Each structure stands twice: as C-alpha cells, then as structure tokens.
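Numbering of ligands and ligand atoms starts at 1, following listing order. Counting begins at 1 with the first residue of the sequence. From a predicted model like this one, the values you see are computed outputs, not experimental measurements.
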Amino acid sequence: MTFSLLPYRDQLGLKDGNLLIANEWVAPQGGQSFDHVNPCTNETIIKIADASEADVNAAVMAARKAFDEGPWPRLKARERRVYMDRIAGLLAEHSQELIQAQTLDNGIPAMFGGAHIMKDMPEDLFKYYGGWIDKIDGKVHPVFTDQEPNQFISIRQPVGVVGAILPWNAPILQMPLKLAPALAAGCTVVVKPSEMGSLIALKIAEIINEADLPEGVFNVVTGGPKVGEALVTHPAVDKITFTGSKAVGGRILAAAGNDIKRVGLELGGKSASIVFPDAPSVEFAATATMSQVSMFLSGQVCSTTSRALVHSSIYDEFINHCEKQVQDVKFGNPFELDVTSAPIISKVQMEKVMTFIERGEQEGAKLVFGGDRPEGDLQAGNWVNPTLFADVDNTMQIAREEIFGPVLAVTPFETEEEAVRLANDNPYGLSGGLYTTNIGRALRVGKAVRTGTVGINGYSFMPNSPFGGFKQSGLGREGGEEALNAYLETKTFIINEDV
Ligand code: NAD
C-alpha cells in the first residue's frame with residue numbers, strides 16, 4: 001500500500017461512532033461495534049456502533065414520543081421553517097468537511113468535491129423543502145349534490161414516525177433527500193445508514209444535531225441488516241423510506257405488509273444509453289456514457305447507464321471513443337485531485353463484479369478492454385479496471401442484471417423500434433440516456449422508454465424535480481413536490497352544515 005487515509009481521518013477529527021437517540025450521543029446498549037473499512041486501502045478508519053434491537057426500540061420510541069407529544073408536527077409553519085433554514089446554513093458552513101467525510105467513507109474522489117450533488121445539494125434540499133412548509137394546504141371540495149347537506153374539506157397531515165434506510169454509495173445526497181421532505185412535512189425520523197457508509201451519515205447527524213431540533217425528532221442508529229429489519233418491523237414506525245438494492249427492497253416491502261406501513265423504495269437500475277446516428281457527436285455520447293461507469297463511483301450509481309444501445313452505423317466509432325475515454329481514468333489516493341475513480345465498495349462486491357465479467361466472457365460477449373484489476377500497490381484496494389463488452393445480446397446476464405461496477409455492455413441496433421424494445425426488455429426502469437439532435441425522436445423515444453428519468457444529451461439531478469423508478473426500480477419518487485406528498489396523509493372532514 002503506497003498511501004494511507006488515516007491522516008485524513010485525524011485531520012477531520014473523526015472519532016468512533018455512537019448512536020444519536022433523543023438528541024444525545026449514546027453507546028449501544030450491548031457495547032458492540034464493527035470496523036468501518038475504506039475500499040481504497042482496506043484500512044479500518046473508525047469503529048461504528050452496532051445497535052441492538054433495544055437501541056432501535058429506544059430510537060423509535062424517542063421519535064414516537066416526539067411525534068405524539070412533542071411540538072414538531074404542531075409547530076407553526078414559520079417556526080418549522082426556521083429550523084430547516086438553520087440546518088441548511090449549518091450544512092453549507094460544513095460542506096467541505098462533509099465532502100471530505102464522504103471521500104473517507106467510500107472513496108469518491110475529492111476531484112468531484114465541487115460538483116453540485118456533493119457541494120450544494122444537502123443545503124439546497126433543506127432550503128427547498130423548508131420553502132414548502134407554508135404551502136402544505138388543504139382543499140374545500142365543491143358540494144357535489146343537494147341531496148347531502150355536507151361540506152367536504154380535506155387537509156394534509158404528517159404520516160408519523162419515518163424509518164429511513166440508506167445505501168452506502170452517496171449518503172451525502174440520500175440522507176438529505178429523505179430527511180428534508182420528512183421533517184418539512186412534520187414527521188419525526190430514525191435514520192439507519194448503510195454499514196458501509198455510516199461515517200458521512202454520522203457527520204451529517206452531528207451537524208444537524210447542532211440545530212437543536214426538539215428532542216427525539218431526528219435519531220440515528222447504525223448497524224447492518226438486523227438493525228434495518230428491527231426498524232422495518234417495529235410497530236411504532238408508520239413509514240419506511242428505503243434506498244438500496246432490489247432484493248432488499250422486496251424483503252422490506254413484504255415485511256412492511258404485515259402492518260401496512262407506508263413504503264417508499266428507490267432501487268437499482270440497468271439503464272441504457274441509446275445512441276442514434278444523429279447524436280450531437282459520437283465522441284460526446286461515448287464519453288458521456290463510458291464515464292458513467294469509469295469515473296466518479298466507477299459505475300456504483302443507481303442511474304448509471306451500464307448498457308449502451310448504439311446504431312450499427314456508428315457502432316465501431318462509439319467503441320473507439322469509449323476506449324479513448326478510459327485513458328483519462330486514474331486510480332489512487334482519492335484526496336489527490338487528479339484521481340478520477342473510486343474502487344468497488346467491498347471485497348465481496350469486487351468478487352461479484354469479477355464474476356459478472358467472467359460470466360460475460362462465458363456467454364460469448366466480446367471483451368474489448370478491461371476485465372482485470374490494476375497491478376502493484378493498488379491491489380491493496382478494491383479497484384477494477386473499466387471494462388467494455390461489445391456484441392452483447394440482451395439475454396446475457398451482463399445485459400440484464402445490475403453489476404454496480406465499471407462494466408459497460410454495448411449492443412448494436414438498426415431501427416428506433418428495436419432500440420426501444422431492447423431498452424424496455426429489462427425488469428428495471430430507473431433512468432436512461434438518449435443521444436440525438438432530432439427533437440421529435442427525443443420525445444418519441446423518451447416517452448416510449450419505461451423509466452423514471454430520461455436524459456436527453458445529458459443528465460443531472462435537481463432538488464425540485466422528481467427522481468425514481470418504473471417497474472422493479474422502485475415505488476414513489478424522491479425530490480420535488482412528489483417526495484413531500486409521500487410524507488403526508490390526506491384527511492377529509494365531512495361537515496354537516498344543517499347543525
Ligand atoms: P443494500 O440493499 O445492500 O443495502 C441498503 C440498506 O439496507 C443498508 O443500510 C443495509 O444495511 C439495509 N438492509 C439490508 N438488508 C436489510 C433488511 N433485510 N431489512 C432492512 N434493511 C436491510 O444496498 P447497497 O449495496 O447499500 O446500495 C446499492 C444499491 O442501492 C444498488 O442496487 C443501487 O442501485 C441502489 N441505489 C438506488 C438509488 C435510487 O435512488 N434509486 C440510489 C442509490 C443506490
């Protein structure tokens with residue numbers, strides 16, 4: 001190993017993690033903890049508390065009490081907004097620390113620290129949802145028939161106690177995406193970060209705790225699947241919002257069915273870039289598509305376009321440009337500003353990626369480049385070289401399953417109809433990219449592709465617009481007004497006007 005990340009931990013002053021319950025940092029009742037390992041070096045960075053069922057119960061009951069008896073859901077709009085603005089201000093003040101903590105957590109290269117998602121999104125989400133608080137209004141429904149003397153009025157109320165379960169890949173974004181609308185709606189929350197991404201979640205929690213929210217409004221319990229299960233099955237939790245894999249999402253949906261909890265699911269994807277001959281340029285489309293799997297989190301992003309459907313007339317040119325793009329990839333110490341790409345989050349996941357690559361070769365796809373790991377000192381981390389398979393048939397495993405690694409599967413097509421059919425022939429429906437300068441085609445194909453988002457010659461996220469999946473990529477949306485509505489219930493008053 002040529003570098004160590006421990007000096008960055010010391011510089012950030014990170015200490016072993018505890019649980020945040022009713023605004024106090026407390027040790028887990030069973031005294032258990034686990035190592036948090038950074039995937040760039042596989043060094044242990046800090047120890048994270050492993051919550052017991054009793055700890056989860058304490059956090060849920062603190063949130064329950066805060067909801068049932070505390071001021072939070074009853075605050076006047078202006079008062080709740082003051083807290084949201086305070087949190088936004090604190091997140092902005094500490095944004096550099098947050099970016100560094102996220103890098104230390106999972107190896108996102110520091111070169112992306114200036115990106116909107118890393119830098120401004122946490123603050124923006126609290127500002128945006130803070131702005132909704134005085135707009136959560138109701139409706140007076142016109143009296144439908146004179147047979148009934150009743151006036152119907154509906155109002156919106158917070159859903160209650162929310163259990164928020166996070167994935168490891170970008171909690172700097174995912175934690176505010178859940179917390180900001182839930183708190184704005186008047187809910188109280190227990191967050192369970194991923195066991196592989198707790199460090200940044202604890203840093204965000206430390207910052208939010210400085211805002212002095214009423215006791216028990218915001219709680220954090222750390223640990224693995226058992227902690228998540230305890231939260232999902234706790235009878236005092238009203239809603240689960242989950243971001244993670246399809247397999248775990250399915251389990252959560254089944255478990256939540258016992259007591260009909262509200263469930264929001266943001267799951268995986270196997271999104272396709274569709275590249276037409278009239279793309280702005282083949283180089284632009286190839287660079288944008290390939291860099292989604294080769295740069296930043298090396299394909300470990302839910303919306304990654306890990307399939308490229310490319311018109312046969314530009315197929316070879318597209319692949320050549322992908323090969324050129326990966327020459328810009330650099331692995332190493334993620335705090336160095338020329339390092340472009342993260343390693344795979346764990347050794348287990350790295351083995352899975354390598355197994356997918358073997359499977360691709362066995363199934364007869366053409367390995368154009370990559371498929372291996374870098375040599376030398378980098379072997380200490382979990383890096384996998386950017387990999388491109390050409391001539392991929394849509395029935396192959398590498399075309400169907402979410403690999404969550406730096407692997408692009410390229411398939412040729414002849415007609416627009418064939419491109420749409422190939423894009424939709426997958427159980428997932430999260431996102432996708434279209435590369436064309438024909439506006440009619442962009443809209444036609446964009447509507448026909450069954451995914452929650454479609455990028456037309458580009459892709460990004462904004463706090464005020466919805467993001468989520470069709471089909472097996474999820475239930476509900478995050479971002480925008482739709483996410484706020486997911487934390488509200490509608491109540492209808494029927495008022496007899498004759499009394
Ligand atoms: P994961 O499903 O393995 O784990 C997610 C969380 O669920 C973790 O906190 C984990 O501890 C918890 N968990 C595991 N088993 C559980 C159970 N039985 N009950 C309750 N909780 C349980 O996912 P991951 O590896 O952390 O994240 C990667 C996945 O997340 C990918 O599939 C990716 O596409 C998806 N993702 C989706 C979005 C989106 O917005 N759609 C965003 C980011 C990541």
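Taking the six-membered ring where the residue is Trp, Tyr8 and Phe335 present parallel rings, their angle staying beneath 30° rather than reaching 60°.
Below 3.5 Å of separation, one finds an N or O of Glu266 facing an N or O of ligand 1. Among the atoms of Trp168, some N or O lies under 3.5 angstrom from an N or O of ligand 1. Here's the thing with Pro167: none of its N/O atoms is less than 3.5 angstrom from an N/O atom of ligand 1. The shortest N/O to N/O separation between Lys192 and ligand 1 falls below 3.5 Å.
Look at Asp238 and Arg64 and you find a salt bridge, because one of the NZ, NE, NH1 or NH2 atoms lies within 4.0 Å of a carboxylate O, short of that distance. Taking the charged nitrogens against the carboxylate oxygens, Lys178 and Glu478 do have a contact shorter than 4.0 Å, which makes a salt bridge. By the 4.0 Å N-to-carboxylate-O rule, Lys203 lies close enough to Glu206 to be salt-bridged with it. Under a 4.0 Å N-O distance rule, the pair Asp35/Lys47 qualifies as a salt bridge. Ion pairing of Lys347 with Glu351 is absent here, as no side-chain N (NZ or NE/NH1/NH2) approaches a carboxylate O to less than 4.0 Å. Ion pairing between a basic and an acidic side chain is recognised when a charged N comes within 4.0 Å of a carboxylate O; Lys65 and Glu215 show no such pairing.
Cation-pi geometry between Lys246 and Tyr428 is satisfied (NZ or CZ under 6.0 Å from the ring centre, within 45° of the ring normal).
Of the heavy atoms in Glu402, only side-chain atoms (C-beta onward) come closer than 4.0 Å to ligand 1. Contact annotation: for Ile345 versus ligand 1, there are no heavy atoms closer than 4.0 Å. Of all the heavy atoms of Gln174, the ones lying under 4.0 Å from any atom of ligand 1 belong exclusively to the side chain. With a heavy-atom cut-off of 4.0 Å, Ala255 does not touch ligand 1 at all.
Across Val263 and Ala256, no two heavy atoms sit closer than the pair CG2-CB, 3.4 Å.
By the 4.5 Å heavy-atom criterion applied to side chains, Leu183 and Met84 are counted as neighbours. Put simply, the side chain of Val56 reaches to within 4.5 Å of the side chain of Val227, judged on heavy atoms. Using a 4.5 Å heavy-atom cutoff, the side chains of Gln349 and Met196 are not in contact. For the pair Thr222 and Leu202, the minimum side-chain heavy-atom distance is below 4.5 Å.
Heavy-atom proximity to atom 1 (P) of ligand 1, evaluated over Ser245, Pro225, Ser473, is greatest for Ser245. Nearest-residue assignment for atom 7 (O) of ligand 1 (options Phe461, Phe242, Phe467; heavy-atom criterion): Phe242. Comparing Val248, Val227, Thr243 against atom 22 (C) of ligand 1, the shortest heavy-atom distance belongs to Val248. With atom 30 (O) of ligand 1 as the reference point, the heavy atom nearest to it among Ser346, Gly244, Ala201, Ser431 is part of Gly244.
Scanning all protein heavy atoms for the shortest distance to atom 20 (C) of ligand 1 gives Gly228 C, 3.3 Å. Among protein heavy atoms, the minimum distance from atom 41 (N) of ligand 1 is reached at Leu267 O, 2.8 Å. Given atom 12 (C) of ligand 1, the protein heavy atom at minimum distance is Ile165 CG2, 3.8 Å. Cys302 CB, 3.6 Å is the protein heavy atom nearest to atom 36 (N) of ligand 1. What sits closest to atom 6 (C) of ligand 1 on the protein, heavy atoms only, is Leu166 O, 3.3 Å. Protein heavy atom in closest approach to atom 28 (C) of ligand 1: Phe404 CE2, 3.5 Å.
Residue contacts with ligand 1 include Gly224, since one or more of its heavy atoms lies under 4.0 Å from the ligand. The shortest separation from a heavy atom of Pro193 to ligand 1 is under 4.0 Å, placing the residue in contact.
Listed by number with element, the atoms of ligand 1 under 4.0 angstrom from any heavy atom of Gly268 are 32 (O), 34 (O). Heavy-atom contacts of Asn169 reach the following atoms of ligand 1: 43 (C), 44 (C) (cutoff under 4.0 Å). Remark: ligand 1 atoms within the under-4.0 Å shell around heavy atoms of Ser194 are 8 (C), 9 (O). For ligand 1, the atoms lying closer than 4.0 Å to a non-hydrogen atom of Glu229 are 17 (C), 18 (N), 19 (N), 20 (C).
When atom types are taken as modelled, the side chain of Thr451 and the backbone of Thr453 share a donor-acceptor pair closer than 3.5 angstrom.
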